[in-house]
Amino acid sequence: MLERHVRGRTVRGVRLSGLRLREAVPRDLPARLRGRRLEAVRRLGKYLLVDFSGGVTLLSHLGMSGRWLFHPTPPRGREPHVHARIAFADGSALWFQDPRRFGLLRARDTASMDQDPALATLGPDPLGSPPSGPGLAEIARGARVSVKNFLLDQKRIAGIGNIYASEILHRAGVDPRRAAGRLAVREWDAVARLTRVVLGEAVERMGTTFGSYRTLWNEPGSYGERLFVYDRAGEPCRSCGGPIRRIVQGQRSTYFCASCQPRRPRRGAAAAKTVRTAVSRRPRARG
DNA sequence: ATCCTATCCTGTAGGC
DNA sequence: TGCCTACAGGATAGGA
């Protein structure tokens, strides 16, 4: 989406706020990007990578409140919390705005970007290299962490955040409190499939605006219309009408429907029981 | 090794 | 209206 609006543009200059984000923004960013042509935009998990001519890549993460804004003609007034302004030669601009400053901006050679610590430990991206059900079962083997917190762990699978973890588990019919290592392969099949569905649709719809997130054009993302459970505590489940519950896991909210997501897999999932037992009895995975 | 907690920061919503 | 607290889309260092 971003790519078709900015590819081919040449950087005239970059201005930084000087404020620290999750880590300090490299002070040589303007010097590294000036005069270069923007060649590609890629996504890996929650990271956005912008490749420039001359083999330089800008790595970014929005954190909780970050956003990239594209301005065909940038506003003149003082906009708050804008930490990087990339001005293009044609007068347009790309801004990184982040009130909470949990975001990240980093630059390095394109060739070695894979080795950046932020990316090196990332698990498979569900859209780029979709994991299979058995693949996920393997990654989860022996894990005692809840399946909700498992899905949030970027080292295991990349790109799932707090909203989509609840949405994926609801659509897969899996109770978020169950230990990840105890899910049956057929349940992982469902989780893998619905992860692709949910994240794919979320990307298409430019995300979920909850509060203040905005797309490139400063508009709300429309995934909010598609939410089945997130932020709907006490409201009726869109599948069965039962009440949506809110619980806290790892200090973060989880939303689910107890009847659509039973503690024990439903009957009809009888085959699952056998597999689950077999998986949980295997020796722990070793690093 | 695995899991959990606290922490970074600002804005907003709700109670009083 | 103002003041207070709780909570918010994330990652990670450090401790149990």
Side-chain angles (χ1 to χ4, degrees), chain A residues 17-25 43-48 59-69 79-83 96-106 116-123 125 138-169 176-182 198-199 201-203 205-216 219-234 246-255 280 282-287:
Chain A
S17 70
L19 290 178
R20 180 191 175 84
L21 301 180
R22 192 166 96 210
E23 65 183 28
V25 178
R43 182 192 57 78
L44 275 178
K46 299 178 188 174
Y47 291 91
L48 193 76
L59 175 71
S60 66
H61 190 297
L62 300 179
M64 301 268 264
S65 58
R67 57 190 87 144
W68 279 108
L69 292 168
E79 299 286 321
H81 309 303
V82 181
H83 300 107
F96 186 83
Q97 186 177 36
D98 184 9
R100 270 179 94 175
R101 295 198 270 133
F102 288 171
L104 177 76
L105 288 175
R106 227 180 246 181
D116 189 284
L119 303 181
T121 58
L122 229 46
D125 181 278
E138 174 61 31
I139 296 171
R141 192 198 291 177
R144 281 141 63 148
V145 69
S146 69
V147 60
K148 157 63 165 18
N149 284 348
F150 177 93
L151 291 181
L152 289 180
D153 184 348
Q154 306 297 303
K155 294 181 182 62
R156 295 168 140 142
I157 180 166
I160 302 174
N162 202 42
I163 295 176
Y164 304 121
S166 285
E167 294 298 313
I168 289 163
L169 291 174
R177 298 165 294 187
R178 290 175 56 204
R182 291 187 160 284
V198 168
L199 290 189
E201 196 177 356
V203 168
R205 288 177 163 262
M206 316 271 303
T208 304
T209 288
F210 179 75
S212 62
Y213 174 75
R214 291 295 182 274
T215 70
L216 262 189
E219 287 159 357
S222 64
Y223 194 84
E225 301 162 15
R226 306 288 302 155
L227 295 177
F228 277 75
V229 290
Y230 187 81
D231 200 32
R232 299 192 61 240
R246 173 186 180 270
I247 58 173
V248 174
Q249 295 180 289
Q251 294 141 241
R252 310 189 71 191
S253 296
T254 302
Y255 299 86
S280 62
R282 259 180 240 151
R284 294 275 187 80
R286 327 212 86 238

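Quick note: numbers below take in every heavy atom, side chains included, and nothing from hydrogens, waters or symmetry partners. In what follows, chains carry the letters A, B, and so on, assigned in the order in which the sequence lines appear, proteins first and then strands, with residues in each chain numbered from 1.
- A:Gln251 places no side-chain N or O within 3.5 Å of a backbone atom of A:Gln249 that could act as its donor or acceptor partner.
- Although no hydrogens or angles enter the test, the distance criterion places no donor-acceptor pair under 3.5 Å between the side chain of A:Asp125 and the main chain of A:Gly159.
- As rounded to the nearest Å, B:dA6 and C:dA6 have P atoms that lie 14 Å from one another.
- Heavy atoms of A:Gly63 sit under 4.0 angstrom from primed sugar atoms or phosphate atoms, though from no base atom.
- Annotation: side chain of A:Tyr223 is not in contact with side chain of A:Val203 (no heavy-atom distance under 4.5 Å).
- Protein atom CZ of A:Arg20 is 16 Å distant from nucleotide atom C1' of B:dT10, rounded to whole Å.
- The nearest whole Å value for the distance from the NZ atom in A:Lys148 to the P atom in B:dC4 is 12 Å.
- Going from atom CG of A:Leu21 over to atom P of B:dC9 covers 11 Å, rounded to whole Å.
- Taking the ring pair (Phe, Tyr, Trp, His ring centres under 6.0 Å) definition, one finds that A:His61 meets it with A:Tyr47, sequence neighbours left out.
- Salt bridge A:Glu167/A:Arg226: absent, no basic N to carboxylate O contact under 4.0 Å.
- Look at CG on A:Leu104: it is 16 Å from P on B:dC9, rounded to the nearest Å.
- Put simply, A:Arg156 has no side-chain N or O that comes within less than 4.0 Å of OP1 or OP2 on B:dT2.
- Contact of the A:Met64 side chain with the A:Asp98 side chain is not registered, since no non-hydrogen atoms from C-beta on lie closer than 4.5 Å.
- For the pair A:Glu23 (side chain) and A:Gly103 (backbone), a donor-acceptor distance under 3.5 Å is absent.
- Base engagement by A:Arg100 is indicated by at least one non-hydrogen atom pair under 4.0 Å involving a base atom.
- The distance between atom CG of A:Leu62 and atom P of B:dT10, rounded to the nearest whole Å, is 18 Å.
- For A:Gln97 and B:dT10, the CD to C1' distance is 12 Å, given to the nearest whole Å.
- Here A:His81 does not reach the OP1 or OP2 of B:dC9: none of its side-chain N or O atoms lies under 4.0 Å away.
- Proximity note for A:Arg246 (side chain, C-beta onward) versus C:dA8, B:dA6, B:dC8: the nearest is C:dA8.
- For C:dC7, the OP1/OP2 oxygens have no side-chain nitrogen or oxygen of A:Ser253 closer than 4.0 Å.
- Although no hydrogens or angles enter the test, the distance criterion places a donor-acceptor pair under 3.5 Å between the side chain of A:His83 and the main chain of A:His81.
- Under the 3.5 Å distance criterion, the side-chain polar atoms of A:Arg106 are left unmatched by any main-chain donor or acceptor of A:Leu59.
- Counting only Watson-Crick and G-U wobble pairs whose two key distances fall under 3.5 Å, DNA chain C forms stems of three or more stacked pairs at B:2-8 with C:10-16, B:10-16 with C:2-8.
- Set against B:dC8, B:dC3, B:dA6, the side chain of A:Val145 has B:dC3 as its closest nucleotide.
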Protein-nucleic acid N or O pairs under 3.5 Å, nucleotides 11-15 of chain C:
| from | atom 1 | to | atom 2 | distance (Å) |
| --- | --- | --- | --- | --- |
| C:dA11 | OP1 | A:His61 | NE2 | 2.7 |
| C:dA11 | OP2 | A:Lys46 | NZ | 2.9 |

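- Atom pair A:Asp153:CG and B:dC3:C1' shows a separation of 10 Å (rounding to whole Å applied).
- In this structure the side chain of A:Ile157 never reaches within 4.5 angstrom of the side chain of A:Ile139, judged on heavy atoms.
- Spacing between atom CG of A:Asn162 and atom P of C:dA8 amounts to 8 Å, rounded to whole angstrom units.
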